[in-house]
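What you see is a predicted model; the values in this text were computed from it and never measured. Order of the sequence lines fixes the chain letters, A, B, ..., with proteins taken first and strands second; residue numbering starts at 1 for each chain.
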2 protein chains.
Amino acid sequence: MTLRGKHLDIAASSAVNGRAPAAKAATIRDVAERAKVSVASVSRVLNGSDAITETTRQRVLDAVAHLHYVPHVGARSLSTSRTDTIGVILPDLYGEFFSELIRGMDLAARAHGKHLIVSSSHGDTEETMAALRSMRGRVDGMIVLSPHVRAANLAADVAGRTPVLVMNGGLDEGGRPAIAVDNHGGAVAAVEHLIATGRRRIAHIRGAAGNLEADIRAEGYASALVGQDPIIVEGDFTQAAGHRAATQLMALDQRPDAVFAANDMMALGALLAFQEAGVRCPEDVAVVGFDDVPLAALVRPTLTTLRVNIAEMGRRGVERLIGLVQAGANAEADTACEIVRPALVVRQSTAAAATAGSNPDQTAASLS
Amino acid sequence: MTLRGKHLDIAASSAVNGRAPAAKAATIRDVAERAKVSVASVSRVLNGSDAITETTRQRVLDAVAHLHYVPHVGARSLSTSRTDTIGVILPDLYGEFFSELIRGMDLAARAHGKHLIVSSSHGDTEETMAALRSMRGRVDGMIVLSPHVRAANLAADVAGRTPVLVMNGGLDEGGRPAIAVDNHGGAVAAVEHLIATGRRRIAHIRGAAGNLEADIRAEGYASALVGQDPIIVEGDFTQAAGHRAATQLMALDQRPDAVFAANDMMALGALLAFQEAGVRCPEDVAVVGFDDVPLAALVRPTLTTLRVNIAEMGRRGVERLIGLVQAGANAEADTACEIVRPALVVRQSTAAAATAGSNPDQTAASLS
DNA sequence: CTGTTAGCGCCTTCAT
DNA sequence: ATGAAGGCGCTAACAG
């Protein structure tokens with residue numbers, strides 16, 4: 001007890017001596033002392049809760065100003081068990097898709113006064129778990145993007161009581177809150193568009209094996225083909241993979257006259273490979289991507305793709321998660337898997353040879 | 001109330017029945033109880049500190065496993081006053097520059113077992129301050145990227161005892177730890193390259209007014225000109241601005257035969273504008289960007305630019321900050337402003353008309 | 001080696 | 001309207 005008293009004295013003296021930004025940061029107790037009120041009152045003023053005399057309110061605010069006091073969020077969250085922070089676990093931080101996603105999430109988070117703590121798992125299930133664990137108690141809820149179903153589900157378990165929103169493209173999340181892109185529908189739309197514009201040998205550059213979204217898109221592609229066998233080349237969602245795959249395709253006996261790449265970056269890689277080889281797009285070969293990253297409208301020829309509105313999806317994810325957090329125990333109520341329907345955006349890369357060069361950016365109706 | 005009680009019952013029962021992930025998370029005390037030891041021992045085992053009997057260690061680990069116990073990081077950091085988290089405040093989250101930067105930072109952070117909490121301030125000084133304040137107690141240190149000097153310096157003040165690393169391109173940070181790009185040197189190199197390849201009327205598309213980096217680059221541009229007056233058009237670092245600016249330039253009586261854009265995105269915008277207008281690059285006009293975002297090597301013509309190695313810079317920033325945090329009170333020792341020298345990367349967009357089409361990606365020696 | 005206990009900084013009943 | 005006091009979950013002396 002006596003010891004404690006001493007401590008306070010020291011803190012007080014150093015606090016009193018000037019508006020020093022260094023030294024030990026002021027605590028709520030310092031403020032209380034300086035304002036001659038109890039910590040409770042300070043707390044009240046700062047949280048705008050109960051009714052407080054205008055006099056004390058001013059006294060407190062003055063003290064706060066003089067001391068450069070800023071409440072310690074960590075301590076606060078320990079007693080309120082809220083952190084006002086949401087965690088995001090991504091498989092990777094590379095490429096325009098994820099940066100757009102984070103941008104959208106940040107926007108929504110800021111709008112709701114939440115913080116965003118991001119972490120990438122490099123696609124590794126073990127790392128995903130580690131990230132999840134280390135986030136416990138640090139966040140009010142998390143959004144997990146894992147290309148592997150297992151990982152996503154495990155994630156939801158490890159999280160314990162913390163709400164988890166899964167965004168990994170699988171439509172069946174076992175009744176967990178989720179947001180997913182209609183990968184199947186998108187792939188089908190891509191192929192149908194190619195067929196409609198007269199293409200007859202349509203190849204597919206797929207994403208990494210084992211990646212859920214890659215699987216579904218490939219499956220959608222195959223199911224939409226008419227009168228031809230699937231021609232599938234492996235890829236991994238990177239521009240380099242698209243380049244390699246396109247090279248392989250050009251070496252085939254019967255060259256395809258159209259390519260549907262599982263994402264835009266690979267489509268771009270393919271576009272470049274074709275260009276370098278003197279294969280003209282869209283005249284000799286049409287190309288369709290997926291995602292509609294900003295870049296897609298910037299390259300020449302501009303890229304036909306499936307618009308996902310990535311930032312919007314990120315925004316939506318954060319808002320939904322915030323809802324889950326607020327719902328608390330009732331969260332069981334929300335187990336819906338929200339589906340995002342990509343919209344086909346027709347650009348130059350799939351113009352029928354005859355009409356090549358027409359309007360570079362005409363958006364078709366949404367799939368839904 | 002009754003309704004709520006019912007809900008809770010349900011939750012509870014579901015928790016009891018099996019290794020339920022729900023229910024209230026176990027605390028260190030629960031573990032201690034179940035393992036028949038004191039909380040101190042549990043803490044010891046978990047932190048691998050002191051020596052512990054193998055017996056108790058096992059007992060603790062068992063209990064931890066059975067209870068799905070995960071230490072509460074928030075509480076821990078309250079007593080250790082460490083958060084193992086570093087905060088990053090960016091002016092914006094849009095564009096490839098920042099996504100690359102975050103990627104590099106994430107890599108370094110993960111390597112050191114730190115978390116990353118990001119926040120954008122939309123270039124607004126007030127928002128930057130708010131972000132800083134709200135990070136207190138939540139991070140061990142922060143990295144601030146603010147295009148405005150004032151903001152950056154203010155930031156360092158508001159932060160109080162928390163180490164702050166400034167990365168806003170200003171070389172003079174008043175003795176604060178900082179990392180900056182040699183914007184002046186880069187701009188000069190760009191102009192000199194253009195002159196060396198025979199260009200005589202060199203224009204500049206500058207970044208937003210009031211933006212420190214934009215100012216320095218513009219100044220560097222002007223200082224390197226030989227035998228011509230500066231031709232400067234306003235921009236704001238976006239691709240659209242570059243497009244507009246290029247359009248303005250084409251309308252001039254005496255068209256420039258070269259353009260140095262303050263960043264790659266604007267250079268790309270200009271490239272497109274020229275293309276649409278039928279002005280050939282590099283034959284009619286050469287274009288140089290700044291940053292070397294991944295995209296620069298993907299467009300056609302490939303873009304000559306100043307490589308900054310963004311991800312590496314992000315990595316470096318995090319490592320330096322971690323150093324500052326560890327140094328603690330001795331932090332005053334490190335007040336150096338580390339300078340990153342961009343390297344000129346010559347690509348197709350500045351090929352002299354005669355040699356146009358040569359090697360698309362030859363890197364020149366670094367400036368340093 | 002292990003248990004006890006006092007805080008870390010804040011919020012929040014419970015009295016007054 | 002305000003003050004006093006008991007935690008939140010964990011770590012770190014300080015005894016045994």
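With rounding to the nearest 0.5 angstrom, the CG atom of A:Asp62 is 11.0 Å from the CG atom of A:Leu67. Atoms CD and CE, on A:Glu338 and A:Met313 in that order, are 10.0 Å from each other to the nearest 0.5 Å.
Between its opening and closing five pairs, the helix from C:dC1-D:dG16 to C:dT16-D:dA1 changes axis direction by 40°, a value rounded to 10 degrees.
If you measure from atom CD of A:Glu33 to atom C1' of D:dA4, you get 15 Å, rounded to the nearest angstrom. Taking atom CZ of A:Arg82 as the reference point, atom C1' of D:dG9 lies 17 Å away to the nearest angstrom. The distance between atom CZ of B:Arg59 and atom C1' of C:dG3, rounded to the nearest whole Å, is 13 Å. Between the CD atom of B:Gln58 and the C1' atom of C:dC1 there is a distance of 17 Å, given to the nearest Å. Separating the CG atom of B:Leu78 from the P atom of C:dC10 is a distance of 9 Å, rounded to the nearest angstrom. If you measure from atom NE2 of B:His72 to atom C1' of C:dC10, you get 13 Å, rounded to the nearest angstrom. Atom CZ of A:Arg138 and atom P of D:dC10 are 13 Å apart (whole Å). Residue A:Asp84 contributes atom CG, which lies 14 Å from atom C1' of C:dC11 at whole-angstrom precision.
A sub-4.0 Å separation between OP1 or OP2 of C:dT2 and a side-chain N or O of B:Thr56 is present. Close to C:dC1, at under 4.0 Å from its OP1 or OP2, lies no side-chain N or O of B:Arg57. For A:Thr27 and C:dG9, the shortest distance from a side-chain N or O to OP1 or OP2 is not below 4.0 Å.
With sequence neighbours excluded, the residues forming a side-chain contact (heavy atoms from CB on, under 4.5 Å) with A:Glu319 are A:Ala108, A:His112, A:Arg315, A:Arg316, listed by chain and number. In this structure, the side-chain contact (heavy atoms from CB on, under 4.5 Å) partners of A:Ile28, at least two apart in sequence or on a different chain, are A:Val39, A:Val42, A:Ser43, A:Tyr69. Every residue meeting the side-chain contact (heavy atoms from CB on, under 4.5 Å) condition with A:Ser38, not counting sequence neighbours, appears here in chain and number order: A:Ala40, A:Ser41. Listed by chain and residue number, nothing satisfies the side-chain hydrogen bond (donor to acceptor under 3.5 Å, both in side chains) test with A:Ser77 (two or more places apart in sequence, or in another chain). Judged as a side-chain contact (heavy atoms from CB on, under 4.5 Å), and not counting sequence neighbours, the contacts of B:Val73 are A:Arg138.
Applying the salt bridge (Lys or Arg N to Asp or Glu O under 4.0 Å) test to pairs two or more places apart or on separate chains, those with a residue in residues 65-83 of chain B are B:Arg82-B:Asp84.
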Give the B/S/- string for nucleotides 11-16 of chain D, one per nucleotide from 5' to 3', where a protein heavy atom under 4.0 Å of the base yields B, of only the sugar-phosphate yields S, and otherwise -.
SBBB--
Run the side-chain contact (heavy atoms from CB on, under 4.5 Å) check on A:Met135 and A:Ile89 step by step: do they pass?
CA-CA 10 Å; A:Met135 274 188 183; A:Ile89 298 182; 4.1 Å; yes
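Counting any heavy atom pair closer than 4.0 Å across all strands shown, B:Ser41 reaches sugar-phosphate atoms only and no base atom.
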